[in-house]
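Note that this is a predicted model, so its numbers are computed, not measured.
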Amino acid sequence: SVTIALVQAMRAAKNAGLRVDPKVIARAVDYVRRSQNEDGAFRYALGSDEVSVALTAAAISTLNATGRYHGPEIRQGFDYIDRELRLRAEAAAGASKLLPREGQAQFPCYERLYLAQAFWQSPDPSAFARWFAEEETRLLRAQAEDGSWDDPRFGPTYATAVNVLVLAL
């Protein structure tokens with residue numbers, strides 16, 4: 001979360017004409033690459049075993065913000081995301097056998113935001129369209145009558161802001 005925010009800030013600064021030290025960007029790329037597991041998933045931090053679709057999408061988005069849109073780490077990250085989303089869909093099809101939170105994202109708004117960014121900038125232009133077709137339907141069904149969304153942990157302001165950003169794409 002911190003890495004992507006800082007890298008995106010540096011990208012914005014560079015796009016605005018400010019000088020950004022290329023060595024800083026190279027260190028960020030190295031850090032993100034070293035956080036990837038062999039299965040393509042990205043960890044929360046070096047030394048952590050925590051991986052998720054959300055963290056992997058955020059790592060891909062971080063690499064994109066450094067100007068990297070292709071490469072084995074990005075392809076492997078997308079492969080991991082595709083596998084995990086497919087497993088979730090299969091689990092949802094047999095939902096009666098699931099525990100209440102099994103197969104769901106731990107931080108759904110965070111995950112949606114970084115999946116949207118990763119898919120939007122994917123080398124495969126159809127990736128976003130495939131993902132967004134179902135996600136848009138889910139989002140619009142979950143919208144409250146007053147136009148907001150809720151997030152049980154972080155509240156409606158956060159959820160609404162994030163979901164509006166996703167829909168803006």
Side-chain angles (χ1 to χ4, degrees), residues 1-88 104-136 139 149 151 153-155 157-169:
S1 300
V2 173
T3 304
I4 188 168
L6 292 174
V7 170
Q8 287 178 332
M10 287 187 286
R11 175 71 179 257
K14 184 177 178 183
N15 288 351
L18 299 173
R19 184 186 172 307
V20 174
D21 186 347
K23 291 178 186 173
V24 174
I25 300 299
R27 286 193 347 242
V29 169
D30 179 61
Y31 174 79
V32 172
R33 284 181 174 160
R34 287 186 297 129
S35 72
Q36 190 171 34
N37 287 344
E38 288 183 21
D39 68 353
F42 285 86
R43 292 174 294 194
Y44 179 72
L46 295 177
S48 169
D49 291 332
E50 181 183 355
V51 298
S52 69
V53 168
L55 295 170
T56 301
I60 291 169
S61 296
T62 302
L63 291 169
N64 292 163
T66 70
R68 284 153 182 81
Y69 302 94
H70 304 279
E73 63 278 349
I74 292 173
R75 187 181 64 256
Q76 291 166 357
F78 276 121
D79 288 347
Y80 169 81
I81 289 170
D82 290 342
R83 281 192 312 272
E84 291 299 310
L85 293 180
R86 191 171 43 254
L87 287 171
R88 276 190 203 167
Q104 297 176 7
Q106 184 177 10
F107 301 102
C109 291
Y110 177 93
E111 179 179 284
R112 184 177 301 114
L113 176 65
Y114 289 115
L115 279 172
Q117 288 182 35
F119 283 134
W120 181 260
Q121 296 189 72
S122 168
D124 174 7
S126 67
F128 178 82
R130 284 191 310 269
W131 171 80
F132 191 68
E134 288 184 30
E135 198 61 30
E136 179 184 32
L139 265 177
W149 285 268
D151 182 283
R153 288 188 178 159
F154 304 111
T157 303
Y158 168 77
T160 302
V162 169
N163 289 330
V164 167
L165 286 172
V166 170
L167 288 171
L169 290 175

**Asked** Taking all non-hydrogen atoms of both residues, which atom of Tyr114 and which atom of Ala58 are closest, and how far apart?
**Response** CB-N, 3.7 Å
**Selection residues 50-66 - residue pairs positive for side chain to side chain donor-acceptor pair (under 3.5 Å), sequence neighbours left out** = Thr66-Arg68
**Message:** Is there a side-chain contact between Phe154 and Cys109 in this structure, where contact means two heavy atoms from C-beta onward sitting under 4.5 Å apart?
**Reply:** no
**Asked** What is the distance from atom CD of Glu111 to atom CG of Leu85, rounded to the nearest 0.5 Å?
**Response** 6.5 Å
**Request:** Can you run down the salt bridge (charged side-chain N to carboxylate O under 4.0 Å, His left out) pairs that involve residues 37-48, sequence neighbours left out, and say none if there aren't any?
**Result:** none
**Request:** Name all residues meeting the salt bridge (Lys or Arg N to Asp or Glu O under 4.0 Å) criterion together with Arg11; count only those two or more places apart in sequence or in a different chain, and write none if there are none.
**Result:** none
**Asked** What residues, two or more places apart in sequence or in another chain, satisfy ring-ring contact (aromatic ring centres under 6.0 Å, His included) together with Tyr80?
**Response** none
**With sequence neighbours excluded, residues passing side chain to side chain contact (heavy atoms under 4.5 Å, CB included) with Thr157** = none
**Fill in**
Between Phe42 and Ala59, the two heavy atoms sitting closest are CG-CB, 3.3 Å
**Request:** Give a yes or no on this: more than 12 heavy atoms of other residues, nucleotides or ligands lie within 6.0 Å of atom OH of Tyr44.
**Result:** no
Pairs under 3.5 angstrom only: tabulate donor-acceptor contacts from the side chains of residues 161-169 to other protein residues two or more places apart or in another chain.
from   : atom 1 : to     : atom 2 : distance (Å)
Asn163 : OD1    : Arg112 : NH1    : 2.8
Asn163 : ND2    : Ala159 : O      : 3.1

**Message:** Distance check, rounded to the nearest 0.5 Å: Ile74 atom CD1 versus Asp79 atom CG?
**Reply:** 12.0 Å
**Request:** First locate atom CG of Asn15, then atom CD of Gln8, and finally report the distance between them rounded to the nearest 0.5 Å.
**Result:** 11.5 Å
**Asked** Taking only residues two or more places apart in sequence, or in another chain, which ones meet Arg75 in a salt bridge (Lys or Arg N to Asp or Glu O under 4.0 Å)?
**Response** none
**Any pair counted as salt bridge (charged side-chain N to carboxylate O under 4.0 Å, His left out), so long as it reaches residues 13-25, sequence neighbours left out** = none
**Request:** Please collect all salt bridge (charged side-chain N to carboxylate O under 4.0 Å, His left out) contacts where either partner lies in residues 160-169, sequence neighbours excluded, each pair once.
**Result:** none
**Side-chain heavy atoms of Phe107 within contact of Arg153, under 4.5 Å** = yes
**Asked** In chain order, what residues pass the salt bridge (Lys or Arg N to Asp or Glu O under 4.0 Å) check against Glu73, with sequence neighbours excluded?
**Response** Arg33
**Item:** Spacing of Ile81 atom CD1 and Ile60 atom CD1 [to the nearest 0.5 Å]
**Value:** 4.0 Å
**Item:** Results of salt bridge (Lys or Arg N to Asp or Glu O under 4.0 Å) for Asp30 - residues two or more places apart only
**Value:** Arg34
**Asked** Could you give the distance from OH (Tyr31) to CG (Leu46), rounded to the nearest 0.5 Å?
**Response** 4.5 Å
**Item:** Parallel, tilted or perpendicular: ring planes of Phe119 versus Trp131, cut at 30 and 60 degrees
**Value:** tilted
**Request:** Scan residues 113-131 for pairs that pass salt bridge (charged side-chain N to carboxylate O under 4.0 Å, His left out), counting only residues two or more places apart or in two chains.
**Result:** Asp124-Arg130
**Item:** Gap separating the CZ atom of Arg88 from the CZ atom of Arg86, nearest 0.5 angstrom
**Value:** 13.0 Å
